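Working notes, structure below.
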Amino acid sequence: MTASEPLALVETNVRWHLATGAEAVFVFLDDPNDPSKDALGAIPNCSVHLCDDRYWNEAKPQNGRPPSQMRRQTINANWAQSHCDLDWLFHIDADEFIWQDGNLRSELADHRDPRTELNLPVFERVFPKGQQQSLFDGAFRASSDLTPDHANTVFGSLVSLMKRGQYSHGAGKSGVCVGAGLRLGVHNATRTGSGGQQRRAAKRVSETARLLHFDGVTPLHWMMKALRYRQTSPEVQAKVLQPHRVAQIRWMMERSDTMDSMRQAHRCMFSLTDERRLKLNAFGLLREVPFKPKGVLGADCPNLDPDAFDTELLRRTPWLRELFEE
């Protein structure tokens, strides 16, 4: 993963995957001054790479650090593939967790075509109706390809802010057989086609694992991620921000003069109200996944308190604190 997040989120991600079957985790810290390096590096089988000038001069000697976050993610993922001693490698973000509802290890062992990626379908978190007690509270909404009429029935006026029934992405994330000639992307893998062009690799959807996406582990975290996109150049934004994401950011900014109004707007988008629960259930889209990192990690679990997370987020992100000063 390529990350620029508070330690609690990245550490939980690393420890969760190591505890649930991963042999190694590669973390690329996008901020060369990230203070998380030592804590993450102390975790066995966690390989931490600081993406400073030295790293980019070696990884991209001609051009250095790419301005696009997605481009940096792709380069880092494939650096990991070329330097690891693993059979499979999955490319995910810090706010994404692989949930196994079957035997993923057996599914990977039985995978017959190394030139076909294994896709993890995405479930996007919806926040609890009441007060958020932990970073990972809530249920999940499955991706969907509803007719326009049905989408309007389920999502109402917010449908224009979504794609495939998700605020972020409905593509999921993929894993590849290491060394089989597939190149990892942000969501999908590619292969080299005729003329040297990169073509989308064949895909098989996993029957044993899902991707749990916490698109903002707190309301403030969501806003920070959205505004971070806005700080990139127009050229980069045009490549990485899809129309529904642009519409979300505009919608939120119009309703977020203060911290309280931002939280209220976030609840309007993300909270699992009784009405929303009924509609999602009616179309088979609600998933109650018992994702409880504390129960798996025990004493090694970081502090998952939302207020503590937001305090660290504001400390790391001065411009965000200034934006919502009251």
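Given the structure is predicted, the values throughout are model-derived calculations rather than measurements.
Of the listed residues (V205, L120, I92, N119), just one forms a side-chain contact (heavy atoms from CB on, under 4.5 Å) with S174, and that residue is N119.
Contact annotation: the side chain of L304 approaches that of T12 to within less than 4.5 Å [non-hydrogen atoms, C-beta and beyond]. A 4.5 Å side-chain heavy-atom check between Q166 and V122 finds at least one atom pair inside the cut-off. The side-chain heavy atoms of H266 and M252, taken from C-beta on, include a pair separated by under 4.5 Å. Residues R316 and P35 meet the side-chain proximity criterion, which asks for heavy atoms closer than 4.5 Å.
Pairs engaging residues 1-11 under the side-chain hydrogen bond (donor to acceptor under 3.5 Å, both in side chains) rule: T2-N76, E5-H221, E11-R15 [sequence neighbours left out]. Applying the side-chain hydrogen bond (donor to acceptor under 3.5 Å, both in side chains) definition to pairs two or more places apart or across chains, none involves residues 295-304.
Hydrophobic cluster membership for L278: none, as no Ile, Leu, Val, Met, Phe, Trp or Tyr side chain comes under 4.5 Å of it. Grouping Ile, Leu, Val, Met, Phe, Trp and Tyr by side-chain contacts under 4.5 Å, direct or through others, puts L50 with M1, L7, V10, V14, L18, V25, V27, L29, L40, I43, V48.
Under the 30°/60° scheme for interplanar angles, the aromatic rings of F28 and Y55 are found to be tilted.
The pair D93-K173 meets the salt-bridge criterion, since a charged nitrogen lies less than 4.0 angstrom from a carboxylate oxygen. Salt-bridge formation is not detected for the pair D113/R204: no Lys NZ or Arg NE/NH1/NH2 atom is positioned less than 4.0 Å from an Asp or Glu carboxylate oxygen. Using a cut-off of 4.0 Å between Lys/Arg side-chain N and Asp/Glu carboxylate O, R141 and D215 are scored as not salt-bridged. Taking 4.0 Å as the cut-off between side-chain N and carboxylate O, R250 and E254 do not count as a salt-bridged pair. Ion pairing between a basic and an acidic side chain is recognised when a charged N comes within 4.0 Å of a carboxylate O; R65 and D53 show no such pairing. The pair D310-R263 counts as a salt bridge, with a side-chain nitrogen and a carboxylate oxygen less than 4.0 angstrom apart.
With no hydrogens or angles considered, no side-chain donor-acceptor pair links N45 and E23 at under 3.5 Å. Side-chain contact, T192 with Q197: no donor N or O sits under 3.5 Å from an acceptor N or O. For the residue pair R72/Q69, the side-chain donor-acceptor check at 3.5 Å is not satisfied. When only modelled atom types and interatomic distance are considered, T218 and Q132 share no side-chain donor-acceptor pair under 3.5 Å. Using modelled atom types, one finds no donor on one side chain facing an acceptor on the other under 3.5 Å when comparing T208 with Q100.
Annotation: H187 is not in aromatic contact with H91 [ring centroid separation under 6.0 Å not met]. Side-chain rings of F140 and F214 approach one another, their centers coming within less than 6.0 Å.
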Contacts table for residues 153-165: side-chain donor-acceptor under 3.5 angstrom, sequence neighbours left out:
from	atom 1	to	atom 2	distance (Å)
T153	OG1	D149	O	3.0
K163	NZ	Q242	OE1	2.5
R164	NE	D145	OD1	2.9
R164	NH1	G170	O	2.7
R164	NH2	D145	OD2	3.0

Output a table of donor-acceptor pairs, distance under 3.5 Å, between side-chain atoms of residues 284-295 and any protein atom two or more places apart or on a different chain; print 'none' if there are none.
from	atom 1	to	atom 2	distance (Å)
R287	NH1	G284	O	2.7
R287	NH2	G284	O	3.4
E288	OE2	R277	NH1	2.6
K294	NZ	G298	O	3.4

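For R267 and F270, the positive end is not near the middle of the six-membered ring at less than 6.0 Å and at most 45° from its axis. R54 forms no cation-pi arrangement with W56, by the criterion of a distance under 6.0 Å to the ring centre and an angle within 45° of the ring axis.
Note: H244 NE2 to H169 NE2 = 9.5 Å, rounded to the nearest 0.5 Å. Atom CG of residue N57 and atom CD of residue Q62 lie 11.0 Å apart, to the nearest 0.5 angstrom. Rounding to the nearest 0.5 Å places SG of C177 at 11.0 Å from CZ of R112.
For the ring pair (Phe, Tyr, Trp, His ring centres under 6.0 Å) test, no residue two or more places apart in sequence or in another chain qualifies with W99. Every side-chain hydrogen bond (donor to acceptor under 3.5 Å, both in side chains) that D274 has, sequence neighbours left out, goes to K129. Here D137 pairs with nothing under the side-chain hydrogen bond (donor to acceptor under 3.5 Å, both in side chains) rule; sequence neighbours left out. With sequence neighbours excluded, the residues that form a side chain to side chain contact (heavy atoms under 4.5 Å, CB included) with L314 are L220, L320, R321. With sequence neighbours excluded, the residues satisfying side-chain hydrogen bond (donor to acceptor under 3.5 Å, both in side chains) with Q81 are N78. Annotation: ring pair (Phe, Tyr, Trp, His ring centres under 6.0 Å) contacts of H111 (sequence neighbours excluded): W88.
Enclosure of atom CZ in R105 is not indicated, since only 12 or fewer non-hydrogen atoms of other residues, nucleotides or ligands lie within 6.0 angstrom. More than 12 heavy atoms of other residues, nucleotides or ligands shown are found within 6.0 angstrom of CG on N281. Enclosure of atom CD in Q264 is not indicated, since only 12 or fewer non-hydrogen atoms of other residues, nucleotides or ligands lie within 6.0 angstrom.
One N or O on the side chain of H83 and one on the backbone of W79 form a donor-acceptor pair closer than 3.5 Å. With hydrogens and angles ignored, the 3.5 Å screen pairs no side-chain donor or acceptor of R200 with any backbone N or O of A189. The backbone N or O of A142 lies less than 3.5 Å from no partner atom in the side chain of E124, so there is not a single donor-acceptor pair.
Among all heavy-atom pairs drawn from A201 and L182, the shortest one is CB-CD2, 3.8 Å.
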